[in-house]
Amino acid sequence: MVRNAFLFGILLILNGAAGYSLADADSKSLTAFIPSVIGALLVICGLISVAHDTARKHAMHVSAMVGLVGVLGALGNLARALASGGASSLGLAMTVVMGVLSALYVVACIQSFRAAGRARRAANSGTDAE
């Protein structure tokens, strides 16, 4: 799971940087770095879980919440942009990429949490039988 936090974090950071660098000079905005902020938070959660093994579970749950904020933020931004009709195609594309990456990360988190729960239950049932 920590590897996923680093991978998706770096991809989101690159998404924000690409969105800013590809924008026209007259339409550059720091809001293009919103995916980068989400990505940086994922990387920080990954670093915390590597540095402090006792905090790994909490850091990964926080990272799942950050991923969910990324999904909800992307959906909200898409809804607002489509309702107003004034969004750039680059901005929409970067928002879709952020939403998809964040959603994939949340799905990976859910799968990992479920697998950890199954493993914990299996380990507990094995020790009860002894």
Colleague: Report the residues that fulfil side chain to side chain donor-acceptor pair (under 3.5 Å) with S63, sequence neighbours left out, ordered by chain and then residue number.
Modeller: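 Counting only residues at least two positions away or on another chain, S63 forms a side chain to side chain donor-acceptor pair (under 3.5 Å) with Y105.
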Colleague: Rounded at 0.5 Å granularity, tell me how far CG in L101 sits from CG in L11.
Modeller: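 Separation between the atoms: 5.5 Å.
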Colleague: Sequence neighbours excluded, which residues qualify as side chain to side chain contact (heavy atoms under 4.5 Å, CB included) partners of I110?
Modeller: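 I110 satisfies side chain to side chain contact (heavy atoms under 4.5 Å, CB included) with V106, R114 only.
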Colleague: Quick one: list whatever passes side chain to side chain contact (heavy atoms under 4.5 Å, CB included) with T31, sequence neighbours left out.
Modeller: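 Checked T31 against side chain to side chain contact (heavy atoms under 4.5 Å, CB included); matches are S29, I34.
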Colleague: Quick one: which residue pairs count as a side-chain hydrogen bond (donor to acceptor under 3.5 Å, both in side chains) with a foot in residues 1-24, not counting sequence neighbours?
Modeller: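 Counting only pairs at least two positions apart or across chains, no side-chain hydrogen bond (donor to acceptor under 3.5 Å, both in side chains) contact touches residues 1-24.
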Colleague: Please list, chain by chain and in numerical order, all residues satisfying side chain to side chain donor-acceptor pair (under 3.5 Å) with S88, sequence neighbours excluded.
Modeller: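 Per chain and number, S88 pairs via side chain to side chain donor-acceptor pair (under 3.5 Å) with no residue.
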Colleague: Please determine whether residues V62 and L68 belong to a single hydrophobic cluster, defined as Ile, Leu, Val, Met, Phe, Trp and Tyr linked transitively by side-chain heavy-atom distances below 4.5 Å.
Modeller: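 In one cluster: no.
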Colleague: Return each pair, listed once, that meets salt bridge (charged side-chain N to carboxylate O under 4.0 Å, His left out) where at least one residue sits in residues 39-55; pairs must be two or more places apart or across chains.
Modeller: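 Every pair satisfying salt bridge (charged side-chain N to carboxylate O under 4.0 Å, His left out) with a residue in residues 39-55: D53-R56.
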Colleague: I'd like to know if the side chain of S102 reaches the main chain of M98, judged simply by a donor and an acceptor atom lying under 3.5 Å from each other, with no hydrogens or angles considered.
Modeller: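 Pair found, side chain donor or acceptor close to backbone of M98.
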Colleague: Output the rest of the hydrophobic cluster of M94: all Ile, Leu, Val, Met, Phe, Trp and Tyr residues reachable through side-chain heavy-atom contacts under 4.5 Å, sorted by chain and number.
Modeller: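 Answer for M94: L22, L90.
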Colleague: Under the ring pair (Phe, Tyr, Trp, His ring centres under 6.0 Å) test, which residues partner F113, sequence neighbours left out?
Modeller: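 Partners of F113 by the ring pair (Phe, Tyr, Trp, His ring centres under 6.0 Å) criterion, ordered by chain and then number, come out as H61.
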Colleague: Output a table of donor-acceptor pairs, distance under 3.5 Å, between side-chain atoms of residues 35-45 and any protein atom two or more places apart or on a different chain; print 'none' if there are none.
Modeller:
| unit_1 | atom_1 | unit_2 | atom_2 | d |
| --- | --- | --- | --- | --- |
| S36 | OG | I13 | O | 2.9 |

Colleague: Using every non-hydrogen atom in the two residues, find where F6 and V50 come nearest and quote the distance to one decimal.
Modeller: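 Shortest heavy-atom contact: CE1-CG2, 4.0 Å.
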Colleague: Can you get from F8 to M60 by hopping between Ile, Leu, Val, Met, Phe, Trp and Tyr side chains that sit under 4.5 Å apart?
Modeller: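 Same hydrophobic cluster.
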Colleague: Mind checking side chain to side chain contact (heavy atoms under 4.5 Å, CB included) for A59 and listing every partner two or more places apart, or none if nothing turns up?
Modeller: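 Partners of A59 under the side chain to side chain contact (heavy atoms under 4.5 Å, CB included) test: I48, S49.
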Colleague: Under 4.5 Å between side-chain heavy atoms, counting indirect links through other Ile/Leu/Val/Met/Phe/Trp/Tyr residues: same cluster for L7 and M65 or not?
Modeller: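 No, because L7 and M65 fall into different hydrophobic clusters, even though each may have its own neighbours under 4.5 Å.
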Colleague: For K28, does the NZ atom sit with more than 12 other heavy atoms under 6.0 Å from it, leaving out its own atoms?
Modeller: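 Yes, enclosed.
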Colleague: Not counting sequence neighbours, which residues clear side chain to side chain contact (heavy atoms under 4.5 Å, CB included) with V107? List them please.
Modeller: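 Here the qualifying residues are Q111.
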Colleague: Which pairs with one or both residues in residues 66-81 pass salt bridge (charged side-chain N to carboxylate O under 4.0 Å, His left out), sequence neighbours excluded?
Modeller: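 As it turns out, there is no salt bridge (charged side-chain N to carboxylate O under 4.0 Å, His left out) pair with a partner in residues 66-81 once direct neighbours are skipped.
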Colleague: Consider only side-chain heavy atoms of I, L, V, M, F, W and Y, link residues closer than 4.5 Å, and tell whether F33 and L78 are in one cluster.
Modeller: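 Looking at the clustering, L78 is in a separate group from F33.
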Colleague: Would you compute the distance between atom CG of L72 and atom CG of N77 and round it to the nearest 0.5 angstrom?
Modeller: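 Output value for this atom pair is 12.5 Å.
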Colleague: S112 and M1: which non-hydrogen atoms are nearest, and at how many Å?
Modeller: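 Here S112 and M1 meet closest at CB-SD, 3.4 Å.
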